[in-house]
Amino acid sequence: MASDDEPYLYYDEDEAAEEDDGLEADEDDVGLFEEAAPQPERRADHWQQDVSMVMNLVNVARHNARALLMHHRWKMDRIHDFLERRGREGLFRDAGIVVPPEDCGTATRARAAPHKRPRIVTCNVCFEDVARPSDVSTMDCGHCFCNDCWTEHFLASVGNGKKHIHCMQVKCPAICDDATVRRLLGRKYPDTAKRFDNLVLDSYLDNNASVKWCPSTPHCGRAIRIVDASERYCEVECPCGASFCFNCTAPAHSPCPCPMWDKWDAKFRGESENLKWIAVNTKSCPNCLRPIEKNGGCNHVSCPCGQHLCYACGGQLHPLHSCNRYDEAGHAANYDSIRRQMLRYTHYCDRFNVHVNSRKAEQAELWPAVQRRAVLLESATAIRPLIREASWLARAHRALLASRLVLARSYAFAYYMFGDEVRIYPSEKANLAIAKVLFEHQQWQLEENAERLSKVLAAPGVKPVLAEDELLRAMQETSNLAKIVDTHCREMYKVIQDELLPLLLEPMTIAAYRPDGPDKAKDLPA
């Protein structure tokens with residue numbers, strides 16, 4: 001990430017657990033921490049930080065604090081609001097939590113003070129007499145059973161996928177202590193104890209709006225977390241290399257909003273090649289509008305519906321038919337709605353592909369050439385250090401790649417924004433036409449300057465024999481073009497977010513423009 005205040009982290013499910021002594025996160029880094037597979041002794045688990053906050057807030061034991069968070073879907077603001085409106089007892093009652101009166105819930109004491117028991121306890125499940133106190137466990141509610149029965153109860157509950165394991169006593173709502181569950185399961189069923197920890201962690205990841213699994217394939221086992229769930233419209237890059245939109249988990253797609261990108265991606269994957277082939281190789285029947293492919297040399301063809309048409313112009317055949325003269329009005333009238341839709345989609349799809357393919361070429365072929373130019377320039381000791389320092393080439397190349405992504409996705413946005421796919425406020429029709437002109441002007445300016453920048457970067461390599469003034473002019477031209485391209489990208493985002501999206505009946509927004517790409521999640525050293 002670019003700075004210490006970027007709010008992203010990731011969870012690594014496959015990394016081995018470390019010792020407790022080195023697990024505290026650096027308080028100055030609000031970025032990310034690396035977390036191993038869930039283990040009972042872990043203290044750096046981020047969900048456990050939330051649990052500790054609730055423990056201190058309402059003075060309750062750890063397992064009850066976790067139950068509160070799970071009940072409120074790990075939203076601290078909901079707990080604060082509920083506590084303010086209904087008080088501590090109402091908060092517990094709503095979540096079905098039983099708290100013994102003597103439970104002080106301190107951070108250093110995970111359980112309430114043990115209830116007094118007779119020397120010999122009869123388990124009300126197996127009816128066996130248990131003499132050793134260590135062979136019996138008591139929950140917060142005071143109900144006491146032998147450890148063997150508790151263990152089988154925990155095994156059955158975890159097997160059924162229960163994240164809250166309640167007391168075995170009939171109709172008792174008390175939640176069993178997590179430490180007791182882990183301790184007893186760990187003795188006889190260690191795999192089930194691990195599964196219990198995974199269920200708790202899955203609850204945190206699946207029900208928390210500020211955490212999303214990385215959508216990489218195959219799955220890397222990481223999850224990305226943002227500190228402020230209200231900032232979910234952002235794009236992040238997992239340490240595995242996958243970049244995605246945090247809101248919808250699709251590949252990064254700004255400045256195209258999530259609903260539009262979802263439609264575009266489905267259409268592009270399923271229909272682009274078919275529609276392009278249909279548009280090029282068929283004609284629409286003027287009667288039934290079905291696409292027709294000619295299977296012979298004669299251009300006078302008939303549709304299965306019985307309509308005869310001219311394959312050259314797509315018009316109906318009649319005795320005086322003639323299509324050798326170009327009639328602009330007649331051609332416009334003959335294009336039926338289906339073909340117009342196909343041609344319109346082909347227009348945007350072709351330009352989307354042009355910029356995607358240009359970016360691939362500029363990344364695979366142009367970047368090595370730029371690197372060679374930089375090495376050659378830095379080796380030219382006869383010129384001033386200011387000119388010899390070649391980082392401006394790398395910055396210009398990054399700006400070019402960013403502009404290609406913006407341009408490609410802007411065509412996906414324009415296809416839906418200026419078609420009939422989205423609903424506009426009726427009173428904003430005139431403003432839409434004005435905003436469209438502004439958008440297309442910015443798009444054109446960005447395309448023109450991106451092509452100029454690509455041409456400059458693809459120029460022949462720098463030669464040491466070039467005069468300093470020539471190198472200085474090349475550096476200034478490249479740097480200026482990179483700044484212009486970056487400015488037009490920002491303006492494109494501004495037009496979309498401020499001028500076009502407010503016109504929609506369905507609220508939409510986009511992630512902020514990041515010239516260096518999505519924010520990168522990073523490892524927080526233990």
Side-chain angles (χ1 to χ4, degrees), residues 40 51 54-55 57-74 78-79 82-83 86-106 109-189 192-193 195-200 202-204 207:
V51 170
V54 175
M55 290 172 64
L57 178 67
V58 295
N59 196 26
V60 73
R62 178 173 295 274
H63 60 286
N64 286 325
R66 176 181 63 80
L68 270 176
L69 280 164
M70 293 173 70
H71 178 72
H72 290 280
R73 301 181 69 83
W74 297 90
R78 287 181 54 176
I79 294 179
F82 213 97
L83 181 63
R86 299 195 183 182
R88 184 172 181 267
E89 297 302 323
L91 181 69
F92 294 153
R93 188 165 49 250
D94 179 73
I97 294 174
V98 176
V99 180
E102 66 272 21
D103 184 7
C104 62
T106 60
R109 196 167 95 186
R111 293 187 56 195
H115 295 263
K116 294 182 179 180
R117 297 191 298 262
R119 290 186 176 181
I120 298 178
V121 176
T122 300
C123 175
N124 289 331
V125 174
C126 64
F127 299 104
E128 293 288 338
D129 292 334
V130 183
R132 295 173 55 187
S134 60
D135 292 339
V136 176
S137 297
T138 305
M139 299 302 160
D140 293 340
C141 53
H143 295 130
C144 176
F145 300 94
C146 71
N147 288 343
D148 290 339
C149 291
W150 278 122
T151 302
E152 297 305 318
H153 173 63
F154 297 155
L155 176 66
S157 298
V158 174
N160 292 329
K162 291 183 179 180
K163 302 177 180 68
H164 294 319
I165 301 180
H166 293 277
C167 174
M168 283 193 290
Q169 184 67 29
V170 178
K171 297 183 179 179
C172 179
I175 296 173
C176 296
D177 179 16
D178 290 357
T180 303
V181 174
R182 293 189 183 97
R183 176 171 56 84
L184 296 182
L185 283 176
R187 293 175 181 175
K188 192 174 181 180
Y189 305 108
T192 305
R195 186 183 175 192
F196 173 70
D197 286 325
N198 287 332
L199 287 174
V200 176
D202 287 344
S203 169
Y204 173 73
N207 296 328

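Computed from heavy atoms alone, side chains included, the values below leave out hydrogens, waters and symmetry copies. Just so it is clear, the structure is predicted and the values come from calculations on it, not from any experiment.
Atom CZ in Phe154 sits 8.5 Å away from atom CG in Asn147 (nearest 0.5 Å). The CD atom of Glu128 sits 5.0 Å away from atom SG of Cys126, with the distance rounded to the nearest 0.5 Å. Expressed to the nearest 0.5 Å, how far CE of Met139 lies from SG of Cys167 amounts to 7.0 Å. Expressed to the nearest 0.5 Å, how far CG of Asp148 lies from SG of Cys123 amounts to 8.5 Å. Atom NZ of residue Lys162 and atom SG of residue Cys176 lie 10.0 Å apart, to the nearest 0.5 angstrom. Atoms NE2 and OG1, from His63 and Thr180 in turn, are 8.0 Å apart once rounded to the nearest 0.5 Å.
Contact check for Asp178 versus Arg182: side-chain heavy atoms found under the 4.5 Å cut-off. Proximity of Asp177 to Asp140: side-chain heavy atoms (C-beta onward) are nowhere separated by under 4.5 Å. Contact annotation: the side chain of Val54 approaches that of Ile79 to within less than 4.5 Å [non-hydrogen atoms, C-beta and beyond]. Counting heavy atoms from C-beta outward, Trp150 and Cys144 have side chains that stay 4.5 Å or more apart. Residues Phe92 and Val58 are in side-chain contact: their nearest non-hydrogen atoms beyond the backbone lie under 4.5 Å apart. Between Leu184 and Ser137 there is a side-chain heavy-atom pair separated by less than 4.5 Å. In this structure, Leu83 and Arg88 have side chains that are in contact, with non-hydrogen atoms separated by less than 4.5 Å. In this structure, the side chains of Val121 and Asp129 stay at 4.5 Å or more apart for every pair of heavy atoms.
Aromatic ring orientation, His164 versus His166: perpendicular (interplanar angle above 60°, classes split at 30° and 60°).
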Full working for side chain to side chain contact (heavy atoms under 4.5 Å, CB included) between Phe145 and Thr138 | CA-CA 7 Å; Phe145 300 94; Thr138 305; over 6 Å; no

Under the side chain to side chain contact (heavy atoms under 4.5 Å, CB included) rule, what do Leu199 and Val158 come out as? Steps first, then yes or no, please.
-> CA-CA 8 Å; Leu199 287 174; Val158 174; 4.1 Å; yes

List the steps and the verdict of side chain to side chain contact (heavy atoms under 4.5 Å, CB included) for Thr151 and Arg187.
-> CA-CA 9 Å; Thr151 302; Arg187 293 175 181 175; over 6 Å; no

How far apart are the C-alpha atoms of Met168 and Cys149, what are their side-chain angles, what is the distance that settles it, and do they pass the side chain to side chain contact (heavy atoms under 4.5 Å, CB included) test?
-> CA-CA 9 Å; Met168 283 193 290; Cys149 291; 4.0 Å; yes

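With hydrogens and angles disregarded, no donor-acceptor distance shorter than 3.5 Å links the side chain of Asn59 to the backbone of Met55.
Counted within 6.0 Å of CZ on Arg132, heavy atoms from surrounding residues, nucleotides or ligands total 12 or fewer; the atom is thus considered open.
Across all their heavy atoms, Arg195 and Gly159 have their closest contact at NH1-CA, 3.5 Å.
For Glu152, the salt bridge (Lys or Arg N to Asp or Glu O under 4.0 Å) partners at least two apart in sequence or on another chain are Lys188.
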